[in-house]
**Student:** 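Quick one: this structure, given as structure tokens, is what I'll be asking you about.
All values below were derived from every heavy atom in this structure, side-chain atoms included, with hydrogens, water molecules and symmetry-related copies excluded. Just so we're on the same page: letters track the sequence lines, and every chain starts at 1.
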Number of protein chains: 2
Amino acid sequence: MDYNKSVQETKASVRLADQGDERPPGEMVVKFTDTPVDKPSGKVNIREVARQAGVSTATVSMVLNENPRISRATQLKVQRMIERMGYQPNRLAQSLSSRYTQVIAVLLPPLRHALADAYFGEIISGIADRAGKLGQKMIIEQAKPQFIKESKHIELYERRYVDGVLALGFNEKHAFLRDFAGRQYPMILVDNRFGGNILDCLHCDYRGGAEQAMNFLLQLGHRVIGMIYAAPESPTARDVTEVYARRLREAGIAPLQSWMSDGCFTDEGGAAAAGELISRHPEMTALLCGNDKMALGAIRYLVEHGHRVPQDVSVIGFDDLQHLAYANPSLTTVHLPLYELGVLACGRLVELIHGKTDRVYEVLPTHLVLRESTGIVPHRD
Amino acid sequence: MDYNKSVQETKASVRLADQGDERPPGEMVVKFTDTPVDKPSGKVNIREVARQAGVSTATVSMVLNENPRISRATQLKVQRMIERMGYQPNRLAQSLSSRYTQVIAVLLPPLRHALADAYFGEIISGIADRAGKLGQKMIIEQAKPQFIKESKHIELYERRYVDGVLALGFNEKHAFLRDFAGRQYPMILVDNRFGGNILDCLHCDYRGGAEQAMNFLLQLGHRVIGMIYAAPESPTARDVTEVYARRLREAGIAPLQSWMSDGCFTDEGGAAAAGELISRHPEMTALLCGNDKMALGAIRYLVEHGHRVPQDVSVIGFDDLQHLAYANPSLTTVHLPLYELGVLACGRLVELIHGKTDRVYEVLPTHLVLRESTGIVPHRD
DNA sequence: CCAAACAGTTAAACTGATTTAACAGAAGAG
DNA sequence: CTCTTCTGTTAAATCAGTTTAACTGTTTGG
């Protein structure tokens, strides 16, 4: 039957007038007006497009979604009409009826200014670029205690805000991550791993980076090497301290517990830790730092207290943040491919969302970048 | 319809149970006592809640939206049921029928790693915090050329992705901003203004900051003061150069065009510009820089080429980025209240979205932060 | 030549909320 | 003892899409 013929010319008022008489459900009633084909005023929706193109909304929807069951002729006809009317599908309606919101969330720890942190910024940059290419929008959310307490991380899915989450800067202490163990809600833990391999995750090769850094310091002749670590509950952070201790022992050096100090991943913490280590062990000639910020703080402390870097003390960081190449002295550091990590994480997450079931676990290679903050061990009498 | 039936089956509604229908009570009991009130399986939607609570979906919706027309008794009854069933309204459906998506977008310029930039990060941090408190989600979008060409910035509204946009890091060169002049789409230009006051905007008091910086340098005895600027198409950036030139003239100094160089807002650019200025004018004793990054680059160049900072050359930046207090030397800089700017911008945007019509235009106070990169003019023979 | 397979399209049933006009019942006014 | 007003609640329309079963024609196979 021709669709056009089945259309009845009915006005809204008419329709209301005869609503009493139990129309058979099969009969379709469509408003039909004699307006010109183009209707510049008012919002265009799929029904309007369908009417003007002389097809059903199902057809328009299928054209929109490139369903192969639509013939080339119909496809062109509808596409032209979409073009002419400047129609753009309402994505709320699309998401409501399809299974996907096309939005992912980036979850950050509740640090004061997490977004101003170059470490997170670099990863998010990668995520954003990839998300854009995959047609995903990205929302950013900070996991404040209140947020977790109210299970807002699950609400993100349940209320259909997002299809998936990328969690940055969390570790095994963050118990809420266990809510994702069932894989009911697509989530990838970025730049860390989780005990028992119960979560999908991706991280940089901190172990390899630490290995390179320690080899370099040992080659330069350093023996009394301190370590400014942070977040011992983080597996990747522990990787660094483990390699640090192992390489020292392998070099015939017995590291003391007092060679290590917690710098809390901050500049202030790094400075304080450096102060502690140097006053405990004035003979210390090198410091391995868990991130660039702490390294910066450490250098700041050392220089302020009359130790030259690198002539008296060498310092190595982790991260390779952009502008620290411009610090004075510029920082020798382990380069972490944070941008690439973001890109990869986003891609993998979208795969998970679309039903891929393989456990995500990848480790991205790192390498040492030599700059000015390291030098050969000073000769002392 | 089935709604009425379900009302009768509900024990809670005693009032309704004995109304007109004259059914034998046995029948009602038999029918539905085997269905527990809680239905753990399957998604709960508003219809399910309404049925279990013995009310209509309209009532549940009104309870959800705290409509005062609902009686206290009904409100409590429904709220308890919502609690019991763990119901959470689908926000896609809510947004589809209400006028609001409860999402705002942060639009960033197409810089390589804009998100890793502390300047943007600080503002976004403020936006995120405020947005969270106002129940808004925040999506982040980079305005690549392709994005603008395809009018995706308008699509954000038309396809109901967002209710409003905060534009960061744009200036008068960015023609797409004119699309917002009609105020049809709520948008606030953050940390800049736009010719003819045709856009809502908020920015820091660059003029006042520049004034303080110049006064300080002049007080220290500096006469030959260079300026590393950037983005001359940006009104707020021009504020700084204008004040720079004016204050010099007011101090009886005639600044040359060659005292200024473009540093492109980057470390590299700052270093290059410093090199240019110092080689053109070896007698230069101070540099005013348009942002902290360029100041950092400039210091780096100077130190590398045997100029001591601040003994030979003083350097002042703009921004007051967190970690530059830990640089060596630490940076004297004009503090911009970027976090607060973000907080305010978000608040104002939400007001616009909710129909406020006053033109937004505010200027936030700035102040000079004294650190180590500035000192009195060196004595030369 | 008839039945089965196939291609293209549509009607109708979803998705899950909000909103408005209508309505029933109680209270207050005359 | 009516008539009006006020309150609280509901039915039904609406937002704007997707999806599926069913329904035409048209080929193709036996």
**Student:** Using OP1 and OP2 only, check whether a side-chain N or O of B:Ser97 sits under 4.0 Å from C:dA17.
**Tutor:** no
**Student:** Answer yes if the side chains of A:Glu158 and A:Tyr185 hold a donor-acceptor pair under 3.5 Å, and no otherwise.
**Tutor:**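 Per modelled atom types, A:Glu158 and A:Tyr185 side chains form a pair under 3.5 Å.
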**Student:** Ignoring backbone atoms, establish whether A:Asn90 has a side-chain N or O less than 4.0 Å from OP1 or OP2 of D:dC15.
**Tutor:** no
**Student:** Establish, with yes or no, whether the OP1 or OP2 oxygen of C:dT18 is under 4.0 angstrom from a side-chain nitrogen or oxygen of B:Gln94.
**Tutor:** yes
**Student:** Specify the separation, in whole Å, of atom OH of A:Tyr100 and atom C1' of D:dG17.
**Tutor:**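 Computing the A:Tyr100:OH to D:dG17:C1' distance gives 17 Å.
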**Student:** Answer with yes or no whether B:Arg160 presents, from its side chain, a donor or acceptor under 3.5 Å of a partner atom in the base of D:dA16.
**Tutor:** no
**Student:** Name the nucleic acid region contacted by B:Ile70, choosing base, sugar-phosphate or nothing; use a 4.0 angstrom heavy-atom cut-off, strictly under.
**Tutor:** sugar-phosphate
**Student:** What is the distance, to the nearest angstrom, from the CE atom on B:Met62 to the P atom on C:dG16?
**Tutor:**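 Rounded to whole Å, this separation is 22 Å.
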**Student:** Is the closest side-chain heavy-atom distance between A:Tyr87 and A:Met81 below 4.5 Å?
**Tutor:**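 Not touching, per the 4.5 Å side-chain cut-off.
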**Student:** What integer distance in Å separates B:Leu64:CG from C:dG16:P?
**Tutor:** 15 Å
**Student:** Using the closest heavy atom to pick a nucleotide of DNA chain C for each, name whichever of A:Arg47 or B:Asn65 lands nearer the 5' end.
**Tutor:** A:Arg47
**Student:** Could you please name the option among D:dG17, D:dT10, C:dT10 that lies closest to any side-chain atom of A:Thr59?
**Tutor:** C:dT10
**Student:** So which nucleotide from C:dT19, C:dG16, D:dG17 ends up closest to the side chain of B:Asn45?
**Tutor:** C:dG16
**Student:** Provide the full list of side chain to side chain donor-acceptor pair (under 3.5 Å) pairs with a residue in residues 131-140 of chain A, sequence neighbours left out, each pair given once.
**Tutor:**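 Sorted result for residues 131-140 of chain A: A:Lys137-B:Glu141.
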**Student:** Roughly how many Å is it from CZ in B:Arg51 to P in C:dA17, rounded to a whole number?
**Tutor:**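 Computing the B:Arg51:CZ to C:dA17:P distance gives 15 Å.
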**Student:** Have a look at A:Tyr87 and say if it touches a base, only the backbone sugar-phosphate, or nothing, with a 4.0 Å heavy-atom cut-off.
**Tutor:** sugar-phosphate
**Student:** Give B:Arg91 one of three labels, base, sugar-phosphate or nothing, depending on what nucleic acid heavy atoms sit under 4.0 Å from its own.
**Tutor:**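 Counting heavy atoms under 4.0 Å across all strands, no contact is made by B:Arg91.
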**Student:** Is it true that, when you exclude B:Arg183 itself, more than 12 heavy atoms of the residues, nucleotides or ligands shown sit nearer than 6.0 Å to its CZ?
**Tutor:**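 Enclosed.
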**Student:** Looking at the side chain of B:Ala58, which of D:dA11, D:dT18, D:dG8 is the nearest nucleotide?
**Tutor:**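 The answer is D:dA11, which lies nearest to the side chain.
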**Student:** Nearest whole Å is fine: how far is D:dT10 P from B:Asn67 CG?
**Tutor:**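 It works out to 13 Å between those atoms.
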**Student:** Applying a 4.0 Å non-hydrogen cut-off, can you work out what A:Ser71 is touching in the nucleic acid: base, sugar-phosphate, or nothing?
**Tutor:** sugar-phosphate
**Student:** Rounding to a whole Å, what distance do you find between B:Leu92:CG and D:dT18:P?
**Tutor:** 13 Å
**Student:** In this structure, how many angstroms lie between the C1' atom of D:dG17 and the OH atom of B:Tyr161, rounded?
**Tutor:**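 After rounding, the reported distance stands at 13 Å.
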**Student:** Provide, to the nearest angstrom, the distance between the CD1 atom belonging to A:Ile82 and the C1' atom belonging to D:dG17.
**Tutor:**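 Atom-to-atom, A:Ile82 to D:dG17, this comes out as 13 Å.
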**Student:** Starting from the 5' end of DNA chain D, give me the residue, B:Thr74 or B:Leu96, whose nearest nucleotide shows up first.
**Tutor:** B:Thr74
**Student:** List the steps, then state whether side-chain hydrogen bond (donor to acceptor under 3.5 Å, both in side chains) holds for B:Glu83 with B:Gln79.
**Tutor:** CA-CA 6 Å; B:Glu83 197 85 359; B:Gln79 265 167 356; over 6 Å; no
**Student:** Taking side-chain contact (heavy atoms from CB on, under 4.5 Å) as the definition, give me every residue that meets it alongside A:Arg99, ordered by chain and number, with sequence neighbours left out.
**Tutor:** none
